[in-house]
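Heads up: the structure comes next, in structure tokens.
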Amino acid sequence: MSNGELSTRHLLGIKDLNVNDIRLIFDTATNFKEVINRPIKKVPSLRDTTVANLFFENSTRTRLSFELAEKRLSADVVNFSSASSSVKKGETLLDTVNNILSMKVDMVVMRHPSPGAPIFLSKHIDANIINAGDGTHEHPTQALLDAFSMQEKLGDLAGKKICIFGDILHSRVALSNIFCLQKLGAKVRVCGPPTLIPKYIDKLGVSVSYNVRESMEWCDVANILRIQLERQDIKFFPSIREYAQYFGINKDLLDSLDSEVVIMHPGPINRGVEITSDVADSGQSIILQQVENGVAVRMAILYLLAANR
Ligand code: NCD
């Protein structure tokens with residue numbers, strides 16, 4: 001394993017990481033990827049460390065991925081989901097977490113619907129905090145696994161052209177991807193309907209396009225996002241059918257391009273809306289590699305933060 005140290009005790013957002021942190025996480029993840037492809041996938045690195053997974057919002061992939069990563073590092077794991085907890089009885093976030101910590105938890109992985117919830121926690125409790133998605137703000141582990149997967153496919157990302165398609169306005173994956181890819185020197189563009197692109201996003205140094213074909217012709221990688229209907233209290237576009245027609249990525253479009261664009265999606269996929277099945281399942285898609293890399297990248301983050309305790 002790499003001997004370096006992260007510059008931070010928590011992983012709250014990509015914004016707080018420097019490029020050495022990102023490279024250290026990638027080097028460590030490469031080693032762990034080799035470990036999880038062995039017949040015996042477990043290492044003792046986090047023995048005697050207790051990790052609590054606190055999920056105040058739904059999740060399938062991220063939650064399973066963290067739990068697998070923790071177990072493969074031999075951590076003791078406790079799981080909490082707000083749907084079945086005393087949060088429903090009116091307990092505050094700090095009370096819930098303090099009670100859990102009294103049980104001697106060392107690390108907390110938290111997903112929460114409120115932006116900034118993990119930052120708030122990190123100021124009040126002693127455990128290492130990992131943000132597993134806070135509202136529409138950041139989803140740092142997703143961005144790291146996305147960039148790791150891109151780098152595995154394309155090599156150094158400096159100068160590479162990455163376009164993020166879809167609901168940029170409501171997506172924490174978009175913001176974390178933008179920060180991470182820019183730190184690695186990539187050129188980032190966002191593309192979607194004007195109503196789903198934040199007004200001043202160009203101030204982050206990304207280019208903006210409303211034209212899917214032109215953006216697909218421009219990019220090396222298309223990272224395609226889901227419409228976050230659960231975060232939309234008003235109508236941002238006329239209908240799903242119209243969205244699919246004008247902003248969905250389909251096989252005809254893919255096959256008409258001169259270059260082989262790499263297709264990515266953080267999941268969950270809405271097949272036939274932002275992406276058709278034949279694109280999601282095509283040879284150009286690395287969607288399942290993203291999921292595999294997610295475990296290795298999360299192992300790396302847990303391992304490096306634990307070393308910083
Ligand atoms: C994303 C999330 O929850 O932010 N999914 C994930 O973590 N794999 C994206 C989404 O919900 O669309």
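Counting starts at 1 for both ligands and their atoms, in listed order. We number each residue from 1, following the sequence as shown.
Side-chain atoms of Asp167 never come within 3.5 Å of backbone atoms of Ile227 as a donor-acceptor pair (strictly under, hydrogens ignored). For Ser102 (side chain) and Asn98 (main-chain N/O), a donor-acceptor pair under 3.5 Å exists by modelled atom type. A donor-acceptor contact shorter than 3.5 Å is absent between the side chain of Asp21 and the backbone of Leu17. A donor-acceptor pair is defined here as one N or O able to donate and one able to accept, closer than 3.5 Å; no such pair exists between the side chain of Asp76 and the backbone of Asp48.
With a 4.0 Å cut-off on non-hydrogen atoms, Arg63 does not touch ligand 1 at all.
Under a 4.0 angstrom heavy-atom cut-off, Pro268 registers as being in contact with ligand 1.
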Test side chain to side chain donor-acceptor pair (under 3.5 Å) on Ser277 and Arg271 and set out the steps.
CA-CA 6 Å; Ser277 280; Arg271 288 175 182 259; 3.0 Å; yes
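Each of the following atoms of ligand 1 lies closer than 4.0 Å to a heavy atom of Thr62: 6 (C), 7 (O), 8 (N). For ligand 1, the atoms closer than 4.0 angstrom to any heavy atom of Gln142 are 6 (C), 7 (O), 8 (N). Each of the atoms 2 (C), 3 (O), 7 (O) of ligand 1 lies under 4.0 Å from some heavy atom of Arg111. Proximity to Arg226 (heavy-atom distance under 4.0 Å) selects the following atoms of ligand 1: 10 (C), 11 (O), 12 (O).
The closest protein non-hydrogen atom to atom 8 (N) of ligand 1 is Pro266 O, 3.0 Å. Shortest contact from atom 7 (O) of ligand 1 to any protein heavy atom: His139 NE2, 2.7 Å. Protein heavy atom at the shortest distance from atom 10 (C) of ligand 1 is Gln228 NE2, 3.2 Å. Taking atom 5 (N) of ligand 1 as the reference point, the nearest protein heavy-atom neighbour is Gly267 O, 2.9 Å. Atom 4 (O) of ligand 1 has Arg172 NE, 2.7 Å as its closest protein atom, hydrogens excluded (heavy atom only).
Checking Asn79, Asn58, Asn53 one by one against Arg63, the side-chain contact (heavy atoms from CB on, under 4.5 Å) holds for a single residue, Asn79.
The aromatic rings of His170 and Phe236 stand perpendicular to each other, their planes meeting at an angle above 60°, with 30° marking the opposite boundary.
Between Ala296 and Phe32, the shortest heavy-atom distance links the atoms O-CB, 4.1 Å.
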